[in-house]
2 protein chains.
Amino acid sequence: MPVVIDQMSEEPIYRQIGSQVIEDIATGELSVGDPLPSVRSLARDLGVNLHTVNKAYAVLRDEGYVIMRGRSGAFVANTGGASSRRFSAEQNQLMARELLRLAVAYRARGGLESGFVEEAARQARIAFLAGEPSGKGDGTNER
Amino acid sequence: MPVVIDQMSEEPIYRQIGSQVIEDIATGELSVGDPLPSVRSLARDLGVNLHTVNKAYAVLRDEGYVIMRGRSGAFVANTGGASSRRFSAEQNQLMARELLRLAVAYRARGGLESGFVEEAARQARIAFLAGEPSGKGDGTNER
DNA sequence: GTGTATTTGTTCGTATGTATT
DNA sequence: TAATACATACGAACAAATACA
């Protein structure tokens, strides 16, 4: 996957990298599931900092072109850039697993099924009550 | 014990394995005392490294779902988390935070409050469906 | 029983992406 | 931009348990 960087260009380097990766996907040079070079190796080849490549990859990920895994690196995603459709099905399945895990642990502590459901309903009320999820994720503002 | 791994998922592989083992325990497919596949065999079946499976088992052990006897393998412990049988307010507060986090994320994906509560109730039903540990002769012979 | 081979979990080291400073 | 620490995943080598002739 040859990538050429023009240091004199006005376009940011991370954008140049990203554009060329998208180009390769479009032309078919990169297929779905293909691995991208690691941020370190590509950064070395291009003579830029690894954060520059990482930035490029992160943007591509946010745009839905690639997916990134811990050690395996970055891979071409199966969406041609359709960042909008962000697999809610997978997210829901993941959430279901988490809920089951919590429920099993709750039961193991001696809790009852009704107690778990009630607690879930209570937290749901809090989550959907807040007009703006300002502090996304964190739940220290319970009461 | 069929385990399915999604290499493209954002959830770490070791977590995917662990969640599905918990699921099998909750549904009764895995009973107390049942041996889990060896880390190597399962790793080979899944096409991942043995350390990934080992990590999954280690987490399950720390959470109390399984016990590991050196090189004899891993076995299902007496009902998830039974090691900490006491009703812990601290644990429940942690659970509440998790629930709130899941609910907020669910809402962010466009879900409704009723949908979240229903899903929680469904998972709770599964979790409490498994056979109650009828005071069996334990079996946690440490060492 | 004994020696060998296989299987198993463990230890050490490495590579990678991410977050923090 | 650089440096660091951390979490995830993999590979090679090791030591204990097991199986077998």
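Both backbone and side-chain heavy atoms feed into the values below; hydrogens, waters and symmetry mates do not.
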Just how far, in rounded Å, is [atom2] of [N] from [atom1] of [X]?
X        : N       : atom1 : atom2 : result
Arg15(B) : dA7(D)  : CZ    : P     : 14 Å
Arg44(A) : dT1(D)  : CZ    : C1'   : 19 Å
Leu42(A) : dG17(C) : CG    : C1'   : 14 Å
Ile5(B)  : dC10(D) : CD1   : P     : 10 Å
Met68(B) : dA17(D) : CE    : P     : 15 Å
Asn54(B) : dT8(D)  : CG    : P     : 14 Å

Report the distance from atom [atom1] of [X] to atom [atom2] of [Y], rounding to the nearest 0.5 Å.
X         : Y         : atom1 : atom2 : result
Leu99(B)  : Tyr106(A) : CG    : OH    : 10.0 Å
Gln20(B)  : Ile5(B)   : CD    : CD1   : 5.5 Å
Glu11(B)  : Arg97(A)  : CD    : CZ    : 5.0 Å
Leu36(A)  : Tyr57(A)  : CG    : OH    : 4.0 Å
Ser114(B) : Glu119(B) : OG    : CD    : 12.0 Å

Shortest non-hydrogen separation from Leu60(B) to Gly18(B) and the atoms involved: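 Minimum heavy-atom separation between Leu60(B) and Gly18(B): CD2-O, 3.8 Å.
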
Determine the minimum heavy-atom distance between Ala77(B) and Val32(B), stating which atoms define it.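 Looks like O-CG2, 3.6 Å.
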
Taking only N/O atoms, report every protein-nucleotides 2-4 of chain D pair under 3.5 Å with atom names and distance.
from: dA2(D); atom 1: OP2; to: Asn49(A); atom 2: ND2; distance (Å): 2.5
from: dA3(D); atom 1: N6; to: His51(A); atom 2: NE2; distance (Å): 3.1

For dA9(D), does either OP1 or OP2 sit under 4.0 Å from a side-chain N or O belonging to Tyr14(B)?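 Indeed not, no polar side-chain atom of Tyr14(B) lies that close.
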
Between Ser38(A) and dT16(C), does any side-chain N or O lie under 4.0 Å from OP1 or OP2?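 True: Ser38(A) side-chain N/O within range (under 4.0 Å) of dT16(C) OP1/OP2.
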
Just call it for Thr52(A): base, sugar-phosphate, or nothing, with non-hydrogen atoms closer than 4.0 Å on any strand.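 Here Thr52(A) touches the backbone only, sparing every base.
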
So what does Ile13(B) touch, heavy atoms closer than 4.0 Å: a base, only the sugar-phosphate, or nothing?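 Sugar-phosphate, backbone atoms only, no base.
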
Grab the stems for DNA chain D, please: at least three consecutive Watson-Crick or wobble pairs, both distances below 3.5 Å, written as range with range.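 Counting only runs of 3 or more consecutive pairs, the stems involving DNA chain D are C:2-21 with D:2-21.
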
Under 3.5 Å, is there a donor-acceptor pair between the side chain of Thr27(B) and the main chain of Glu23(B)?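 Checking the backbone N and O of Glu23(B) against the side chain of Thr27(B), a donor-acceptor pair under 3.5 Å is found.
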
Examine Arg107(A) relative to Phe116(A) and say whether NZ or CZ is less than 6.0 Å from the centre of the six-membered ring and inside a 45° cone about the ring axis.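 Judged by the rule (NZ or CZ under 6.0 Å from the ring centre, within 45° of its axis), Arg107(A) is not positioned above Phe116(A).
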
Need to verify one output field. Residue with the more 5' nearest nucleotide on DNA chain D, Leu50(B) or Lys55(B)?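 Looking at the nearest nucleotide for each, Lys55(B) comes out on the 5' side.
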
